[in-house]
There are 2 protein chains.
Amino acid sequence: MVVHPSLSEDALDRLFHALADTTRRNIVARLMGGEHATVSSLASRYEMSFAAVQKHVAVLEGAGLVTKHPQGRERIVRGNPEQLARARVLLAQLEQLWSARFSQLDAILAEPSRRTP
Amino acid sequence: MVVHPSLSEDALDRLFHALADTTRRNIVARLMGGEHATVSSLASRYEMSFAAVQKHVAVLEGAGLVTKHPQGRERIVRGNPEQLARARVLLAQLEQLWSARFSQLDAILAEPSRRTP
DNA sequence: CAAATATACAACCATATGGTTGTACATCCT
DNA sequence: AGGATGTACAACCATATGGTTGTATATTTG
């Protein structure tokens, strides 16, 4: 089985911070959707400087949401769905805490009626 | 059926930003886990000032992850799992984009062999 | 009523963030 | 070789963030 190393608090900070920006979420969506992307081709899609987009990509890379692969003078940027999944799993675990609040009470209520001893 | 209003980009920014801090994720975990919480009781758990925790709670509230309910001089803080679910759904959608990249190719490969006309 | 408690909020500070422009360097193309 | 293209990176700026302390206002309690 494949081991899913859990992320440090610091890595989680970077991961959610990377997702907390419209432009960066948009870039992630493009990449996950399979758009062939160099830093330049990404930059051409947004109303901001090349350097600004470059910084956004660096933030995504630091969060592990994206990888860069040199190819000649270009850098191909690819999405990393596993990191996205780790963030999703953490949220699911937090939700699980919520539902766990009631599971014991549910069990008691679901129990076939039995007089208290 | 219950309608799930989708969030604005701005709301998503606030939502992920709220999650991008260890202390705030910890607060969310406590609340989802059912810990009875006033702002003070939360503040007592962390090595920072009351005002600092108060600000963290305000950020969580602004992101919709938490609600405050006045009760005498106290404010009861409760977790809102629906907002957590909205963030999770967005991540799942991004992951879905990734898997959709291959579905068409998969379909072609899975098709019973048929000579090109 | 007076003291203690819970919260709110303003002012302040250091650092981070998101943007800009400019410069340097590597690679591709004619 | 030399110009054009793609990337990296530094310096700078305005604003946001995460923390502090201090003050004000409600509410509970003795």
Side-chain angles (χ1 to χ4, degrees), chain A residues 8-31 35-79 87, chain B residues 8-31 35-79 87:
Chain A
S8 68
E9 292 299 311
D10 218 72
L12 286 171
D13 287 359
R14 268 175 284 139
L15 182 46
F16 284 109
H17 172 254
L19 290 166
D21 178 280
T22 304
T23 302
R24 287 195 292 262
R25 282 193 304 276
N26 197 276
I27 290 174
V28 169
R30 289 184 187 285
L31 294 175
E35 182 164 321
H36 177 273
T38 62
V39 183
S40 296
S41 71
L42 284 173
S44 69
R45 308 304 199 100
Y46 302 95
E47 301 254 311
M48 64 184 75
S49 68
F50 173 82
V53 174
Q54 207 179 14
K55 280 193 190 179
H56 281 305
V57 172
V59 169
L60 290 171
E61 192 182 19
L65 284 167
V66 139
T67 54
K68 277 191 292 191
H69 305 85
Q71 193 151 304
R73 65 182 157 185
E74 304 183 325
R75 304 299 141 102
I76 308 297
V77 187
R78 293 210 209 100
Chain B
S8 69
E9 292 297 312
D10 218 72
L12 286 171
D13 287 359
R14 269 175 284 138
L15 182 47
F16 284 111
H17 169 70
L19 291 166
D21 178 280
T22 303
T23 302
R24 286 195 293 262
R25 281 194 305 276
N26 197 276
I27 290 174
V28 169
R30 287 183 189 286
L31 295 175
E35 183 164 322
H36 176 275
T38 63
V39 183
S40 296
S41 71
L42 284 173
S44 69
R45 308 306 198 100
Y46 302 95
E47 301 253 313
M48 65 184 75
S49 69
F50 172 83
V53 173
Q54 207 179 14
K55 279 194 191 180
H56 280 306
V57 172
V59 169
L60 290 170
E61 191 182 20
L65 284 167
V66 139
T67 53
K68 275 191 293 191
H69 304 85
Q71 193 152 301
R73 65 183 157 184
E74 305 184 324
R75 305 299 139 101
I76 308 296
V77 188
R78 293 211 210 99

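This structure is a prediction, so every number in the text was calculated from the model and none was measured. Keep in mind that the numbers below use all heavy atoms, side chains included, and drop hydrogens, waters and symmetry copies. In the text below, chain A, chain B and the rest are named by the order of the sequence lines, each starting its count at 1.
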Student: In whole Å, what is the span from the CD1 atom of Ile76(B) to the C1' atom of dT7(C)?
Tutor: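 Computing the Ile76(B):CD1 to dT7(C):C1' distance gives 12 Å.
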Student: Please report, rounded to the nearest Å, how far the P atom of dA8(D) is from the CG atom of Leu42(A).
Tutor: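 Nearest whole value for this atom pair: 12 Å.
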Student: Output the residues of residues 54-67 of chain A in contact with DNA chain C, where contact means a heavy atom of the residue under 4.0 Å from an atom of the strand; sort by number or write none.
Tutor: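 Only Lys55(A), His56(A) qualify.
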Student: Side-chain polar contacts of residues 50-71 of chain B - donor-acceptor pairs under 3.5 angstrom, sequence neighbours left out - could you list them?
Tutor:
unit_1	atom_1	unit_2	atom_2	d
His56(B)	ND1	Arg24(B)	NH1	3.1
His69(B)	NE2	Arg78(B)	NH1	3.2

Student: Salt bridge (charged side-chain N to carboxylate O under 4.0 Å, His left out) with Asp13(B): which residues, sequence neighbours excluded?
Tutor: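 Result, salt bridge (charged side-chain N to carboxylate O under 4.0 Å, His left out) vs Asp13(B): Arg25(A).
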Student: With a 4.5 Å cut-off on side-chain heavy atoms, are Leu12(A) and Thr22(B) touching?
Tutor: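 With C-beta onward as the side chain, the pair stays apart.
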Student: Write down the atom of Asn26(A), the atom of Tyr46(A), and the distance for their closest heavy-atom approach.
Tutor: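 Nearest pair, atom of Asn26(A) first, then Tyr46(A): OD1-OH, 2.6 Å.
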Student: Between atom CG in Asp13(B) and atom C1' in dT17(D), what is the gap in whole Å?
Tutor: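 Going from CG in Asp13(B) over to C1' in dT17(D) covers 15 Å.
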Student: Taking any heavy-atom pair under 4.0 Å as a contact, classify Thr23(A): base, sugar-phosphate, or nothing.
Tutor: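 Nothing: the residue Thr23(A), judged by heavy atoms under 4.0 Å, touches no strand.
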Student: Quick check: on DNA chain C, is the nucleotide nearest Ser49(A) upstream (toward 5') of the one nearest Ser40(B), or the reverse? Name the residue that is more 5'.
Tutor: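 First, find each residue's nearest nucleotide; the 5'-ward one identifies Ser40(B).
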Student: Could you check how far CZ of Arg75(A) sits from C1' of dT7(D), rounded to whole Å?
Tutor: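 It is 6 Å, rounded to the nearest whole Å.
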Student: Between C1' on dC25(C) and CZ on Phe50(A), what's the gap in Å once rounded to a whole number?
Tutor: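 These atoms are roughly 13 Å apart.
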Student: Of all the nucleotides listed (dT20(D), dT20(C), dT7(C)), which has the minimum atom distance to the side chain of Val39(B)?
Tutor: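 Between dT20(D), dT20(C), dT7(C), the one nearest the side chain of Val39(B) would be dT7(C).
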Student: Nearest heavy atom decides the nucleotide; on that basis, is Ala51(A) or Arg73(A) closer to the 5' end of DNA chain C?
Tutor: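 The residue closer to the strand's 5' end, by nearest nucleotide, is Ala51(A).
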Student: Starting at CE of Met48(A) and ending at P of dT17(C), how long is that distance when rounded to a whole Å?
Tutor: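 Checked: the CE to P distance equals 16 Å.
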Student: In Å and rounded to the nearest 0.5 Å, what is the CG to NE2 distance from Leu42(A) to His36(A)?
Tutor: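 The CG atom of Leu42(A) sits 10.0 Å away from the NE2 atom of His36(A).
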Student: Is Lys68(B) near enough to dT7(C) that one of its side-chain N or O atoms lies under 4.0 angstrom from OP1 or OP2?
Tutor: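 Indeed not, no polar side-chain atom of Lys68(B) lies that close.
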Student: Whole-Å distance between dA26(D) C1' and Gln71(B) CD?
Tutor: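 In whole Å, dA26(D) C1' lies 15 Å from Gln71(B) CD.
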Student: Could you check if a side-chain atom of Ile76(A) sits within less than 4.5 angstrom of a side-chain atom of Thr38(A), using non-hydrogen atoms only?
Tutor: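 Yes. Closest side-chain heavy atoms under 4.5 Å.
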Student: Do the side-chain N or O atoms of His17(A) get closer than 4.0 angstrom to the phosphate oxygens (OP1, OP2) of dG18(C)?
Tutor: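 True: His17(A) side-chain N/O within range (under 4.0 Å) of dG18(C) OP1/OP2.
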Student: Grab the CZ-C1' distance between Phe16(A) and dT17(D) for me, whole Å please.
Tutor: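 The answer, rounded to whole Å, is 19 Å.
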Student: Measure the spacing between OG1 of Thr23(B) and CZ of Arg45(B) and express it to the nearest 0.5 Å.
Tutor: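 Reported value, rounded in 0.5 Å steps: 13.5 Å.
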